[in-house]
Amino acid sequence: NAGVTQTPKFQVLKTGQSMTLQCAQDMNHNSMYWYRQDPGMGLRLIYYSASEGTTDKGEVPNGYNVSRLNKREFSLRLESAAPSQTSVYFCASTQGVGQYFGPGTRLTVT
Amino acid sequence: AQSVTQLDSHVSVSEGTPVLLRCNYSSSYSPSLFWYVQHPNKGLQLLLKYTSAATLVKGINGFEAEFKKSETSFHLTKPSAHMSDAAEYFCVVSLNYGGSQGNLIFGKGTKLSVKP
């Protein structure tokens with residue numbers, strides 16, 4: 001049981017490049033989430049998917065898109081990366097109360 | 001609206017002394033509250049959760065938290081700090097209504113340092 005997995009662990013992009021962060025969970029959870037973590041800010045919700053086939057914006061969705069590919073997978077796409085998107089990105093999932101987090105992706109945009 | 005405030009951005013204690021990390025919340029509904037811990041360069045781990053059962057909640061690694069509705073507080077405590085407790089701790093409230101049910105609101109975090 002791997003829990004929540006994320007790829008890649010690290011990524012460096014140039015401004016304007018695009019990339020997709022992958023997330024998968026093997027706990028059969030309905031809900032999945034993408035957060036970004038910046039120093040002194042805690043975690044802020046980017047997008048979430050309450051169930052397969054649905055996605056909704058969180059607190060900071062601008063510059064991102066998501067796809068809930070199936071119940072297991074929830075990807076986050078940066079179409080045109082900006083230095084302000086330098087951050088650590090966490091994926092999480094839940095079936096009820098409390099969320100389980102992946103190990104994170106550290107993204108740097110130069 | 002729901003929100004959570006961690007009153008200290010940094011707490012420093014000596015090994016073997018008590019730990020107190022303070023958290024106040026604001027919620028229009030009965031809240032679910034959590035404490036998560038993040039060790040350096042790691043993901044987040046759930047320490048404990050309150051979901052309207054017992055007000056004193058015991059978590060992993062000897063931590064516990066008490067839900068006090070009159071004070072809107074959910075402070076995290078541990079009787080005796082260990083070097084391995086050095087980490088960042090997040091107080092979190094869960095949205096309990098509507099389409100966003102289950103979504104979490106994070107505090108800004110408290111960095112705990114433990115001196116030998």
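Throughout, a chain's letter reflects where its sequence line sits, starting with A, and its residues are numbered from 1. Side chains are part of it too, since the values below use all heavy atoms of this structure and drop only hydrogens, waters and symmetry mates.
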- Determine the minimum heavy-atom distance between Q38(B) and F90(A), stating which atoms define it. NE2-CZ, 3.3 Å
- Which distance, rounded to the nearest 0.5 Å, do you find between the CG of L46(B) and the OG1 of T94(A)? 10.0 Å
- Message: Would you say that more than 12 heavy atoms from the other residues, nucleotides or ligands in this model lie under 6.0 Å from the NZ of K111(B), or not?
- Response: no
- Task: Can you tell which part of K49(B) gets under 4.5 Å to a heavy atom of chain A, answering side chain, backbone, both or neither?
- Result: side chain
- Query: Contact part of Q6(B) toward chain A, heavy-atom cut-off under 4.5 Å: side chain, backbone, both or neither?
  - Reply: neither
- Per-residue contact mode, S9(B) against chain A (heavy atom under 4.5 angstrom): neither
- Task: Could you state whether I105(B) and Y47(A) fall into the same hydrophobic cluster, counting links through intermediate Ile, Leu, Val, Met, Phe, Trp or Tyr residues with side-chain heavy atoms under 4.5 angstrom apart?
- Result: no
- Message: Between Q37(A) and F90(B), is there a side-chain heavy-atom distance shorter than 4.5 Å?
- Response: yes
- Provide the closest heavy-atom pair for F101(A) versus L44(B) in the form atom of the first, atom of the second, distance. CB-O, 3.8 Å
- Task: Please check if the side chain of Y36(B) supplies one atom and the backbone of Q99(A) the other of a donor-acceptor pair under 3.5 Å.
- Result: yes
- So, the part of L45(A) with a heavy atom under 4.5 Å from chain B: the answer is side chain
- Message: At a 4.5 Å cut-off on heavy atoms, which part of R106(A) comes close to chain B: side chain, backbone, both, or neither?
- Response: side chain
